[in-house]
Structures are given as structure tokens and as C-alpha cells.
Amino acid sequence: MNPFNRRSFLQLALSGAACSLAPGRVIGANDRIRIAAIGLGGRGVGIAGQAVRLGGVELVALCDADSKRLDAGAAKLLKQKAVSEGVRKETDFRKLLEDPEIDAVLIATPNHWHALMTVMACEAGKDVMVEKPVCHTLDEGWRMIEAAKKQGRIVCGGFQQRADSGLLALQDYLKAENDPYGAVTGIHALWFRLREPIGKRSTPLTPPDSVDYNLWLGPAADEPIMRESFHYDWHWRWNTGDGEMANLGSHHLDIARWFAGDAKSKPVKVTSAGNRFLFDDAGETPNMHWATFDFGNGIPVTLQVRDLPIKPGSKAPPSFAGIRSGMVVRFEDAEFRGGRGGGRVHGSDGKVIKKFPGDGGGEHFPSFFRAMRSRKPEDVRCNLEEAVYSSQGTHLANIATRIGVPSDPDAVEKVIADAPELTKELWQDINRQMKGFDIDHSKEPWLLGSQLEYDWKARDFVGDSELAKRARELHQRENRKGWEFPA
């Protein structure tokens, strides 16, 4: 019948929302592309408006499981003239998947929905742009790749820095000038900002009346909500989010992978350490987290995310080499500092020797819409496979820490004693920051994850050690009944 399995199809049919599973209409050169936006928080409204401003695109439908957010998002987009009065609004995204007149969906839902919704959209004949991290588990990423290939759909990951004019210009310059600064000797990706605790309730929070909680929850487990705020703070629970490492760290691991050689830069080995320090709240994910990646190509990569201020009482996050968001690429004879929005190359004396101003990812949406017309996945600046690998890399870092051993700073330092100089330098930097808070590591230890090795061809962790067995338990999860992946 179609790639949905019979059970999944019947579940949708019984809900009154069985997809027609149209293969998707052929879009002519002069046809307007018709899109629907699913998830209307700040990010969802932002990308929907951005897409329409390019021209040649019509935003024909809006969706959110929270009717209040749906109405508010529609009002904002109407004010921006991105939609017309009376634009179609739905709380159930499946009703949009049944519509053969919709060509593509923009997915900006909570993380736990990204993969299943993408797979369902592909099987319903829709192209997809999905926010980062594109998957919530390692297994989900493989399912997305298989569905997109099988259905011949164009899927773009939400890593817009790959379309930044400054970074593209730097890449072109390095290739044209044949490594003008020498070989890459190390990459440090980072995201430093301030976060606040999310609170901890004594009784579970009741979802707002405006939320269809069954639809909002979808494949995630139905757990008591012990945080104070319903929206956004789902990021800091493993059930629905992936912590800062995957939330914003994935952006910068993606840039690091790009500059380390993409297909040759999937992390083979990962060592990670982190924890949720100083926050006595309902959050589970680390607010201080670092990971080192061995890509097997001789280029050491370190990723750090930090949500604590530079020192107690300060309103400023820390910085490294003068930046708080992006990457430091060390060459033999120079250093690039920047990220989305471009950056600068500094010589060995620290002075700027070349600038690469960027635009924040101006080619992101145009490349997606060109690919929709050409039907060539390679036309997308951030194609699905690279987006999946970057997301999975941060999941590996999360897994290593989640099964990590409680350790003090001295134990961590011993583990990285033979690490590349950049890694040790970064550890010293984060340790200096942590010492300022006078943390008792017997009560708030680092969770130190011993090196995990992942076989990308086998799609499995290497070995039969107790560590590998524990890691496998986090490779995938069982979706809530009624929200399983199609076979």
C-alpha cells in the first residue's frame, strides 16, 4: 500500500487524520512553492517569515499543538505580511500531511518530534526543513536518512551556518590558495551563554488548557512535569530535549565537521565530561559540558558548551579567544576565529591578517528551494546526512557523559594528560572558571565518560564491554504506544 506499516496507518485513520500519501506534485520553474510551518515558537515564526521573504514561496498553513501559540504566531506572521488573513491553522500536523497541495513543511517543534515528523512527512510526499538537532537519538537519524532516500524527498537540516557567505568564502579561499595557512592542527567549537535554573515543583505542572498534550507529547514518555514553565525548558529533560550540547552545541560541531572534512570527520571516538552544576532544579542535562572527538583523520576537535557566568554574581558569560559562539580553527601558521556571521584570520602575532564577513546563512533557504525544484539533495547547503551526523556527534557526547563516572577535576586531568595541547588548554580554561564557584566536587562531581568508540558502518558501539552495553541502551528508545515509527 505505502511505506507506513498497517498498524500505523490504522492508528492515523482511526484518529480521523489518515494521510493520502500523495507522492508530491511536480513543481515547475515558475510555480510558487507552497509550505506549511509546524511549531510556532520564536524559532518557528522566525524561519517561516524568512522563507516567505525570499519570494516565490507561499506560506499556506500553520500548525502548533498549543492553540494559543498558534494564534499568536499567526498574528505575528500576518503583521509581517508573511501570511494572508484567514490562513489555515491546525493543531494536528497530520491534517497538513494529507493535503496534496502542500509541497514542504518547516519543522520547529521540540526535539523529540523532529525525526518521526520528518519520516511521516517524507512518506506523505512532502519535502522537509527540520530544525537542529535533527534527531533525538542515534537510531532516529538512521531512520530519517532511510525514509528520505526511499521516498526521494529533499530534506534540509537546520544548520544555516553552512550557508554563511563568510564561511563559504573562507572555504573557497583555503581551497583556491592550497592551504595558505598550513594544515589544520585543531578545532575548538564553543557555545557560551547564561542560563537560569528552571525551578523544581513539589507537585507536577498541568499543561496549559490550550495545549493538546497528547499531540505535543507524541512519541515521548508521559512523565510528570516538575519544572515551572511548560514551554522551552523541555530542552533540559532527556525525555524531550538533548541539553545544550545538542541544542546549540550541534551548530558548532557541524561547522567543525565541515572544516575537518565532512564525510571523513564522523567522530570515531568520543570522550566527554559534564554535569548540571549549581542548579538545584528539575533539569537533567549538563549546564557545563565538554567533549573531545577523534575523527580518525588526525585533526583533534573539542566542543564546549557553558551556561554559567564567568564568575559568581557576574552577568557575563566566559569567552575563548575573544568569541562566545563559533569556533577557533588552528592552522600551522594562523588561527581563524568566528562562526555564523563570518570571522577573521589572525597571524602568529595575534594581528588580523584577513577578514571574511558573513551574512548569518543567507543561502540556507534559497538552496533548499532550488533543491526542491531540481530534486537533487546535493543542492541543499546542509543536506540531511550531514545534519544527522552532526546531531549524532552531540548525542555521542551526551551518552558518554550520561554513563560517566563521578570524578573530581584531578581525575579528569589525568584522563586528558596525553590529549592534544588544545584540549588541555581548554580544560584549564573551564577549570579556572569552575574554581571561582568553590564547588564541592564530592557532592557535585564531573561525570567523566571514558572513551566511547562508534562504528558508523555497523551503526553500533564497538565491543562488548560494560560501557558499550550501557551506551547501547541509549542508542534508541521505545516510542510511546500509538506513536511508533513506520516499519
Side-chain angles (χ1 to χ4, degrees), residues 132-133 135-142 186-191 238 242-275 285-286 288-305 327 386-405 407 411-420 422-424 426-427 430 446-476:
K132 52 72 199 165
C135 52
H136 187 50
T137 67
L138 296 169
D139 176 70
E140 286 184 352
W142 301 123
I187 300 176
H188 173 41
L190 60 94
W191 174 265
W238 295 121
D242 303 281
E244 201 76 278
M245 177 60 72
N247 176 41
L248 291 166
S250 60
H251 269 307
H252 305 301
L253 181 62
D254 184 65
I255 308 178
R257 286 191 55 253
W258 185 23
F259 275 78
D262 264 352
K264 297 178 182 178
S265 58
K266 296 190 286 290
V268 178
K269 298 176 182 177
V270 180
T271 302
S272 184
N275 208 341
T285 64
M288 300 290 281
H289 201 176
W290 65 266
T292 60
F293 300 90
D294 178 356
F295 289 152
N297 60 2
I299 300 176
V301 173
T302 299
L303 171 61
Q304 279 194 51
V305 292
M327 65 175 178
E386 297 305 343
V388 165
Y389 298 152
S390 295
S391 300
Q392 288 174 323
T394 57
H395 295 329
L396 287 173
N398 277 334
I399 290 171
T401 299
R402 290 177 71 178
I403 63 176
V405 178
S407 305
V412 177
E413 197 148 339
K414 288 178 182 177
V415 168
I416 64 172
D418 297 324
L422 177 61
T423 300
K424 290 189 280 190
L426 297 169
W427 166 247
I430 195 172
W446 285 97
L447 298 179
L448 176 60
S450 300
Q451 190 176 79
L452 277 179
E453 188 169 356
Y454 192 72
D455 185 331
W456 291 84
K457 290 184 178 179
R459 300 181 180 182
D460 191 15
F461 292 97
V462 175
D464 293 316
S465 67
E466 190 61 33
L467 186 70
K469 291 176 182 177
R470 292 176 62 199
R472 285 191 185 98
E473 294 175 359
L474 298 174
H475 192 276
Q476 65 185 76

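Reckoned from all heavy atoms, side chains included, excluding hydrogens, waters and symmetry mates.
- Between Ile187 atom CD1 and Arg257 atom CZ the span is 11.0 Å, to the nearest 0.5 Å.
- Between the His188 side chain and the Thr423 main chain, no donor and acceptor come within less than 3.5 Å of each other.
- Below 30°, between 30° and 60°, or above 60°: for Tyr454 and His475 the angle between ring planes is below 30°, a parallel geometry.
- With Trp191 contributing its side chain and Met245 its backbone, the two residues share no donor-acceptor pair below 3.5 Å.
- For Thr285 against Asp242, the heavy-atom pair with the smallest separation is CG2-C, 4.3 Å.
- Between the side chain of Ser272 and the backbone N or O of Ala397 there is at least one donor-acceptor pair closer than 3.5 Å.
- Taking the side chain as every heavy atom from C-beta outward, Pro267 and Tyr389 never approach each other to under 4.5 Å.
- Of all the heavy atoms in Asp254 and Glu386, the pair that sits closest is OD1-O, 4.0 Å.
- Atoms CG and CD1, on Leu474 and Ile403 in that order, are 7.0 Å from each other to the nearest 0.5 Å.
- Applying the salt bridge (Lys or Arg N to Asp or Glu O under 4.0 Å) test to every pair with at least one member in residues 464-476, sequence neighbours left out, gives these pairs: Asp460-Arg472.
- Under the 4.5 Å side-chain criterion, counting only non-hydrogen atoms from C-beta, Leu248 is not in contact with Val305.
- Checking Leu253, Val268, Ile299 one by one against Phe293, the side chain to side chain contact (heavy atoms under 4.5 Å, CB included) holds for a single residue, Leu253.
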Exercise. Would Trp290 and Ile416 satisfy side-chain contact (heavy atoms from CB on, under 4.5 Å), going step by step from the backbone distance to the final call?
Worked result: CA-CA 12 Å; Trp290 65 266; Ile416 64 172; 3.6 Å; yes
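- Once rounded to the nearest 0.5 Å, the distance linking NE2 of His251 with CE of Met327 reads 14.0 Å.
- The heavy-atom pair separating Cys135 from Gln392 by the smallest distance is SG-CG, 4.2 Å.
- Heavy-atom minimum distance, Ala273 versus Thr401: N-OG1, 3.7 Å.
- Taken to the nearest 0.5 Å, the CG atom of Leu396 stands 11.0 Å off from the OG atom of Ser391.
- In this structure, His252 NE2 and Trp258 CH2 are separated by 13.5 Å, a value rounded to the nearest 0.5 Å.
- Considering all non-hydrogen atoms of both residues, Ala468 and Gly463 come closest at CB-O, 3.6 Å.
- Checked by atom type and distance alone, the side chain of Ser390 never pairs as donor or acceptor with a backbone atom of Ala387 at under 3.5 Å.
- Checked by atom type and distance alone, the side chain of Thr137 never pairs as donor or acceptor with a backbone atom of Gln476 at under 3.5 Å.
- Separation of atoms OG1 (Thr302) and CG (Leu190) is listed at 10.5 Å; rounding is to 0.5 Å.
- Smallest separation of non-hydrogen atoms from Lys132 and Asn247: NZ-O, 2.7 Å.
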